[in-house]
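First the structure, in the form of structure tokens, and then the observations on it.
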Amino acid sequence: MDEKRRFKRLDLDVKIETSRIDEGPATTVRFLDVKVTDISREGIGFVSPEKMEVGAIYNAELTIWTKEVLHTIFKVVREKETAGGYTYGAIFVGMNESDALKIQIYEMLEERDKA
């Protein structure tokens, strides 16, 4: 299978708190108990017991391995139903460049450690 991603996906300990922002004026912040399967500066893969709509846009706070909180906006682009819930792929449509660089730096450190 050909790799289509521009950035390598990393397996990291990341937590997400999110709210949907494309439904109208009223949004409800709710914590989604998801397991992040991979992340890159371009997108994120995760598993959730709750169904999300493909095409939906979410405001998210990602708590990364350094305990820093990255403020992002992502769009769900892929869904696959599994026995334990749903597997999603999402692309970041809003992320501060310095936050994206933090993910890229981690990738570089991980590659160095593997070498």
Side-chain angles (χ1 to χ4, degrees):
M1 183 169 170
D2 292 332
E3 178 62 53
K4 295 182 182 178
R5 295 182 177 125
R6 291 187 304 174
F7 297 100
K8 181 180 176 183
R9 291 286 177 116
L10 305 170
D11 182 14
L12 303 174
D13 182 22
V14 179
K15 295 183 177 17
I16 299 177
E17 185 173 323
T18 185
S19 60
R20 187 165 175 179
I21 61 173
D22 64 343
E23 289 186 308
T27 60
T28 303
V29 175
R30 62 186 182 138
F31 181 74
L32 290 179
D33 185 19
V34 303
K35 178 183 180 340
V36 174
T37 56
D38 56 70
I39 188 169
S40 75
R41 71 181 278 169
E42 189 175 68
I44 190 166
F46 57 94
V47 177
S48 173
E50 297 185 40
K51 185 165 178 59
M52 300 171 82
E53 184 179 332
V54 173
I57 299 173
Y58 290 84
N59 187 23
E61 293 187 354
L62 306 174
T63 304
I64 60 173
W65 58 97
T66 61
K67 305 301 181 209
E68 292 177 88
V69 177
L70 308 184
H71 302 280
T72 68
I73 298 173
F74 69 80
K75 179 179 181 179
V76 177
V77 294
R78 212 169 19 265
E79 173 191 79
K80 181 179 177 185
E81 190 169 355
T82 61
Y86 302 88
T87 300
Y88 292 99
I91 57 171
F92 294 121
V93 293
M95 180 186 286
N96 180 314
E97 184 63 27
S98 66
D99 289 342
L101 286 174
K102 290 174 187 175
I103 296 170
Q104 186 175 6
I105 289 168
Y106 185 87
E107 176 184 332
M108 290 172 11
L109 293 173
E110 185 179 79
E111 287 178 3
R112 181 200 67 189
D113 291 344
K114 287 181 179 179

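In this chain, residues are counted from 1 in sequence order. All values reported here derive from a predicted model rather than from experimental measurement.
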To the nearest 0.5 Å, how far apart are [atom1] in [X] and [atom2] in [Y]?
| X | Y | atom1 | atom2 | answer |
| --- | --- | --- | --- | --- |
| His71 | Asp99 | NE2 | CG | 7.5 Å |
| Ile91 | Ile44 | CD1 | CD1 | 12.5 Å |
| Tyr88 | Glu53 | OH | CD | 10.0 Å |

Closest non-hydrogen atom pair, [X] against [Y]:
| X | Y | value |
| --- | --- | --- |
| Met52 | Glu79 | O-OE2, 3.1 Å |
| Val69 | Glu61 | CG1-CB, 3.7 Å |
| Val47 | Thr37 | CG2-CG2, 3.8 Å |
| Met95 | Ile103 | CE-CD1, 4.1 Å |
| Lys102 | Leu70 | CD-CD2, 4.1 Å |
| Val76 | Ala90 | CA-CB, 4.1 Å |

Legend entry - Contact check, side chains of Ile73 and Ile57, non-hydrogen atoms, under 4.5 Å: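 Yes, close enough: below the 4.5 Å cut-off.
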Legend entry - Intermediate values then yes/no, side chain to side chain contact (heavy atoms under 4.5 Å, CB included), Leu62 and Ile39: CA-CA 11 Å; Leu62 306 174; Ile39 188 169; 4.0 Å; yes
Inset, instruction - Give the ring-plane orientation class for Phe92 versus Phe74, where under 30° counts as parallel, over 60° as perpendicular and anything between as tilted. - result: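 Perpendicular: the ring planes of Phe92 and Phe74 meet at over 60°.
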Inset, instruction - Step through the shown structure and confirm whether more than 12 heavy atoms of other residues, nucleotides or ligands are within 6.0 Å of NZ on Lys75. - result: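 12 or below, so no.
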Inset, instruction - Could you go through the side chain to side chain contact (heavy atoms under 4.5 Å, CB included) check for Arg41 and Leu101 one step at a time? - result: CA-CA 7 Å; Arg41 71 181 278 169; Leu101 286 174; 3.7 Å; yes
Inset, instruction - For Tyr86, check side chain to side chain donor-acceptor pair (under 3.5 Å) against everything at least two apart and list the hits. - result: none
